[in-house]
Amino acid sequence: MVMFTAPKGVPEYFPPRSAAFLAVREALSAPAQHAGYEYVELAVFEDTGLFVRGVGESTDVVSKEMYTFTDRGDRSLSLRPEGTAGVMRMVVEQRLDKGALPIKLWYAGPFFRAERPQHGRYRQLQQVGIEAIGIDDPALDAEVVALADEAYRMLGLTQFTLNLTSLGCGACRPEYRERLTAFLDSLELDEATRERAALNPLRVLDDKRDEVQSKLIDAPLMVNHLCADCSDHYDLTREYLRAQGVLWTEAPRLVRGLDYYTKTTFEFNHPLLGAQSGIGGGGRYDGLMASIGGDSLSGIGFGLGTDRTLLACEAEGIDVVQGPRIDVFLVPIGSAARLVAVRTLAQLRAQGVRCDMSFGERAMKGAMKAADRSGAPVVLIIGEDEIEAGVVTVKNMEDGTQSTVPLTDVVTFVSSKAQIIPSERQHRS
RNA sequence: GUGGGUGUAGCUCAGCUGGCAGAGCGCUGCGUUGUGGUCGCAGAUGUCGCGGGUUCAAGUCCCGUCACUCACCCCA
């Protein structure tokens, strides 16, 4: 017999953790939804050329981590390794850029990178992302960063950090890049590092090794060589962040792996996640739309890692899912009671009460055990005695007390009671 | 792609210099013929990852292989 397993590096979520995953995904997008961002459902695979031109041919993500295949029409397609390029393609293709600006969009779903799996690093990874396109205003940079910060804080995370910098633009970065290259050429570096420097010298700046970092103390930094436009933009962005009470660390050596980033760039990290500590990141990408054949519209956005954020919550001991998953559980004993239970269950659900019942010919003991495992705080027992008396026994599972309610009143009685239960477990403020 | 670690019950793991396959949790039943959770008692569950070798004897030692995992790299 063959035993099938999920492909390597694909995290799956099943009860009870799947509920936490869902709650994290909801929490990550909630602040953006409150801020007017609208949902988009994107293609999960795209023309390979979109990522080559948009994300950048020299990036690791595109050059060696894409799942690329040829379809029956000999088209080269790739599973999306990130979301921004696809959003920009949609905006250009659907002419969304001809409407009101800025275009504010959010998305969520799986992305794919053929990497060696590790704690928090998966081949199928889940992200929640937002993009604000078409207006080059530092207030939007600040909004995007603040929405990510708000999402993490809403979940109850306290230990994450925000690293922020500016990567400059097409006007000032090439000059800086030359300066940095000249500096790196003057150092004695190992071959792998030299190759990295040739491909993207900025990448060398965030090398983790102390022996490399010690040589970089005097390295020129982008933030000290910004043009007037980039410098003003960064100053205003920080002023607006301060105005919203967002705290951050200046990270002049922060580098991102995707070529399209310009100006404001940021990364959220969590110290309890090990090597893969980035729980979210993003930045401005003013040249991206033009590079894939659209107008020269600016944009800024983030991608937040749903898997890693869940890991971060677990590492901080946060219960993302609070309270029971249902409010009421029905325990019918005997066929007459079962009919009553099926009808009552439907009526309760129509009232919006979350409820379930014991299925199968279970004896009272087994049915009560099922009731207990459901987590429902209230159990309705419907047996032969109750049927005969025209009542339902209502049991409080926390203190074990019970009372009888006429069958005709039970839906009203329970639904008014169920209204109270959710308020007892409101989200932290 | 490179390096390290680990594979034993559903889960978490113990098993010493080779000598009868174990614990906790969970699961099932009973204590209570209409009451869960707590408590007590009883019970079920193994290709010791897989293949080969050494040995009277291998979960244990050796070789190979696969899987998982941590780190490099990269990134969410």
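Letters A, B, ... are given to chains in the order of the sequence lines, protein chains preceding strands, and every chain is numbered from 1.
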_Where protein sits on nucleotides 30-42 of chain B, one letter per nucleotide: B base, S sugar-phosphate only, - none, heavy atoms under 4.0 Å_ = ----BBBB-----
*If we take the P atom in both B:rG10 and B:rU54, what is their distance in whole Å?*
32 Å
*For RNA chain B, what string of dots and brackets results from 5' to 3' when Watson-Crick and G-U pairs need both distances under 3.5 Å, crossing pairs get [ ], and pairs with another strand get |?*
(((((((..((((.....[..)))).(((((.......))))).....(((((..]....))))))))))))....
*Could you work out the separation of B:rC20 and B:rC63 based on their C1' atoms and round it to a whole Å?*
29 Å
*Chi angles and distances behind the salt bridge (Lys or Arg N to Asp or Glu O under 4.0 Å) call for A:Glu314, A:Arg17*: CA-CA 10 Å; A:Glu314 289 167 347; A:Arg17 203 156 90 104; 2.8 Å; yes
*Considering only atom P, compute the distance from B:rU6 to B:rU60 and round it to an integer number of Å.*
14 Å
*What distance, rounded to whole Å, do you find between the two C1' atoms, one in B:rA58 and one in B:rG24?*
27 Å
_Distance check, P atoms only: B:rG31 and B:rU12, in whole angstrom units._
34 Å
*Is A:Thr404 reaching over with its side chain to a backbone N or O of A:Val391, donor-acceptor style, under 3.5 angstrom?*
no
*Please determine if A:Glu65 and A:Arg123 form a salt bridge, counting it only when a charged side-chain N lies under 4.0 Å from a carboxylate O.*
no
*Verify the distance criterion only: is there a donor paired with an acceptor across the side chains of A:Asp141 and A:Tyr234 at less than 3.5 Å?*
no
*asked:* Less than 3.5 Å apart, any donor N or O on the side chain of A:Glu82 or A:Tyr260 sitting next to an acceptor on the other?
replied: yes
*With rounding to whole Å, what would you report as the distance between B:rC73 and B:rG3 at their P atoms?*
16 Å
*Determine, for nucleotides 70-76 of chain B in 5'-to-3' order, which nucleotides have protein heavy atoms under 4.0 Å from the base (write B), from only the sugar-phosphate (write S), or from neither (write -).*
SBBBBBB
_Taking the basic N atoms (NZ, or NE/NH1/NH2) and the acidic carboxylate oxygens, is any pair closer than 4.0 Å for A:Asp60 and A:Arg203?_
yes
*asked:* When you compare the side chains of A:Thr393 and A:Glu386, does any donor N or O come within less than 3.5 Å of an acceptor on the partner?
replied: yes
*Taking atom types as modelled, is there a side-chain donor on A:Thr158 or A:Glu316 under 3.5 Å from an acceptor on the other?*
yes
*Does one side chain, of A:Ser298 or A:Asp136, offer a donor that lies under 3.5 Å from an acceptor on the other?*
no
*B:rG7 and B:rG15: how far apart are their C1' atoms, nearest whole angstrom?*
15 Å
*Are the side chains of A:Met88 and A:Leu297 in touch, meaning some heavy atoms are under 4.5 Å apart?*
no
_Under a plain distance cut-off of 3.5 Å, with no hydrogens placed, do A:Glu143 and A:Tyr37 share a side-chain donor-acceptor pair?_
yes
*P-based separation of B:rC41 from B:rG26 [nearest Å]*: 15 Å
